[in-house]
Amino acid sequence: MAANNKVILVLLSLLPHIIFSLVTARKDYNTKAYVDSWCRTTLYQNLCVRSLSRYVRSRAMQNPQDLARFALKASLYRAKYTKAFLLKEVTNLETLRPKYYALVHECLTQIRDSVDQLSLAIAELDRVNRRGGKRQVNLDWHINNLQTWTSTALTDAETCVSQFPGRRMSKLKATIKGKVKNVEETTSNALAFIHHYAAARYRARRP
């Protein structure tokens, strides 16, 4: 009898943890389903799901603002990673393979600008939700900044990718193109979410 009571007490002590795990799992599932549904509206759906999956547990993404912010963060993460890679390569190329130096250096310049533009966009999104958008003119100005900076980051990445046409190229060129293409595609997805966010904000302001 005493043994049975101990088992019951142990099970009761574990019950809150079990309930918490089930609730958390359900919340994660709902968030994942929400992200998946919106990713289907982007050009690069599979990449969208993969790039946002790491943020699903960090907080609930239940509105267009969350999606836009995390999509921008995912794009900035890839841009910073690619920038670091290009910086390392361009340092080696200057002496070892000078014929590639100018090409990679120009690409590095574009990606550096992408990093700057995406950082500005994230700061602007935080700003518009913290104190901006109280009047229509303020909202228009903030949304325009968001779209302009993200579009510029996308153009920078596209410009770099265009310098590596075709499929037959050296391993180094193929690696660079692949990394920058990833920046281009994640930024394209982020821009799509910014458009969704803008539409939601404008709808919310209608009388």
Q) Are Val49 and Tyr34 connected in a single hydrophobic cluster, I mean Ile/Leu/Val/Met/Phe/Trp/Tyr linked by side-chain heavy atoms less than 4.5 Å apart? A)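 No, Tyr34 does not connect to Val49 through the hydrophobic network.
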Q) Does a donor on one side chain and an acceptor on the other come within less than 3.5 Å for Lys179 and Tyr81? A)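 Side chains of Lys179 and Tyr81: pair found under 3.5 Å.
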Q.
In this structure, would Ile143 and Trp149 fall into the same cluster of hydrophobic residues linked by side-chain contacts under 4.5 Å?
A. no
Q. Could Asp36 and Arg40 be called an ion pair, given the rule that one side-chain N must be under 4.0 Å from one carboxylate O?
A.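 Salt bridge between Asp36 and Arg40, a charged N being under 4.0 Å from a carboxylate O: no.
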(Q) Contact between Leu146 and Tyr197 at the side-chain level, heavy atoms closer than 4.5 Å - yes or no? (A)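 Heavy-atom side-chain distance check passes, below 4.5 Å.
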Q.
Considering only residues two or more places apart or on different chains, which pairs with a residue in residues 144-192 satisfy disulfide bond (SG atoms under 2.5 Å apart)?
A. Cys107-Cys160
Q. Measuring from Ser188:OG to Phe193:CZ, what's the distance to the nearest 0.5 Å?
A.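 Here the interatomic distance stands at 10.5 Å.
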Q) Shortest non-hydrogen contact from Ala157 to Ser114? A)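 Looking at all heavy atoms of both residues, the closest pair is N-OG, 3.9 Å.
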(Q) Rounded to the nearest 0.5 Å, what separates atom OG1 in Thr82 from atom CD in Gln110? (A)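 Here the rounded value is 13.5 Å.
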Q: Among Leu76, Asp113, Asp156, find the one that has a side-chain contact (heavy atoms from CB on, under 4.5 Å) with Leu118.
A: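 Between Leu118 and the candidates, side-chain contact (heavy atoms from CB on, under 4.5 Å) is satisfied uniquely by Leu76.
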Q: Provide the closest heavy-atom pair for Leu172 versus Glu89 in the form atom of the first, atom of the second, distance.
A: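 Closest pair (atom of Leu172, atom of Glu89, distance): CD1-OE1, 3.5 Å.
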**Q.** Arg201 side, atom CZ; Asn63 side, atom CG - distance, nearest 0.5 Å
**A.**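 The CG atom of Asn63 is 10.5 Å from CZ of Arg201, to the nearest 0.5 Å.
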Q. Considering residues at least two apart in sequence or located in another chain, which fulfil the side-chain hydrogen bond (donor to acceptor under 3.5 Å, both in side chains) criterion with Gln163?
A. none
Q | Sequence-distant partners of Ser75, side-chain hydrogen bond (donor to acceptor under 3.5 Å, both in side chains), two or more places apart | A |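 So Ser75 forms a side-chain hydrogen bond (donor to acceptor under 3.5 Å, both in side chains) with Thr187.
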Q. Which atoms form the tightest heavy-atom contact between Gln65 and Leu125, and what is the distance?
A. O-CD2, 4.1 Å
Q.
Test question: given the 4.5 Å side-chain rule for I, L, V, M, F, W and Y, name all other residues clustered with Tyr44, or answer none.
A.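 Members other than Tyr44 - counting any ILVMFWY side chain reachable under 4.5 Å - are Leu43, Leu47.
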Q. Can you check whether Val183's main-chain N or O pairs, donor with acceptor, with Thr186's side chain at less than 3.5 Å?
A.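 At least one qualifying donor-acceptor pair exists.
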Q: Work out which heavy atom in Ser151 is nearest to a heavy atom in Gln147; give both atom names and the distance.
A: OG-O, 2.7 Å
Q: Check whether more than 12 heavy atoms from other residues, nucleotides or ligands sit under 6.0 Å from atom OH of Tyr77, and answer yes or no.
A: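 No - once you tally the heavy atoms of other residues, nucleotides and ligands closer than 6.0 Å, there are 12 at most.
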Q.
Could you work out, with side-chain hydrogen bond (donor to acceptor under 3.5 Å, both in side chains) as the rule, every residue matching Thr41, not counting sequence neighbours?
A.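 With sequence neighbours excluded, Thr41 shows a side-chain hydrogen bond (donor to acceptor under 3.5 Å, both in side chains) to His196, given in chain and number order.
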**Q.** Heavy-atom closest contact (Ser51 atom, Cys48 atom, distance)
**A.** OG-O, 3.1 Å
Q | Beyond-backbone contact of Gln117 with Thr150, side-chain heavy atoms, under 4.5 angstrom | A | no
**Q.** Distance, nearest 0.5 Å, that separates NE2 of His195 from OG1 of Thr42
**A.**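 Separation between the atoms: 12.5 Å.
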Q.
Same cluster or not: Val161 versus Ile176, using hydrophobic residues (I, L, V, M, F, W, Y) connected whenever any side-chain heavy atoms lie under 4.5 Å apart?
A.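 Yes, Val161 and Ile176 fall within the same hydrophobic cluster.
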Q) How long is the gap from CD1 on Ile111 to CG on Leu87, to the nearest 0.5 Å? A)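 Ile111 atom CD1 to Leu87 atom CG measures 12.5 Å (nearest 0.5 Å).
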Q. Should Leu120 and Leu72 be regarded as members of a common hydrophobic cluster, given that ILVMFWY residues are connected when their side-chain heavy atoms come within less than 4.5 Å of each other, either directly or indirectly?
A. no
Q) Going from CG on Asn189 to CD on Glu184, what distance comes out if it is rounded to the nearest 0.5 angstrom? A) 10.5 Å
(Q) Test of understanding: with side-chain hydrogen bond (donor to acceptor under 3.5 Å, both in side chains), list the residues that count as partners of Glu124, not counting sequence neighbours. (A)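 Glu124 satisfies side-chain hydrogen bond (donor to acceptor under 3.5 Å, both in side chains) with Arg127, His142, Asn145 once adjacent residues are dropped.
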Q. Val104, Val180: one ILVMFWY side-chain cluster at the under-4.5 Å cut-off?
A. yes
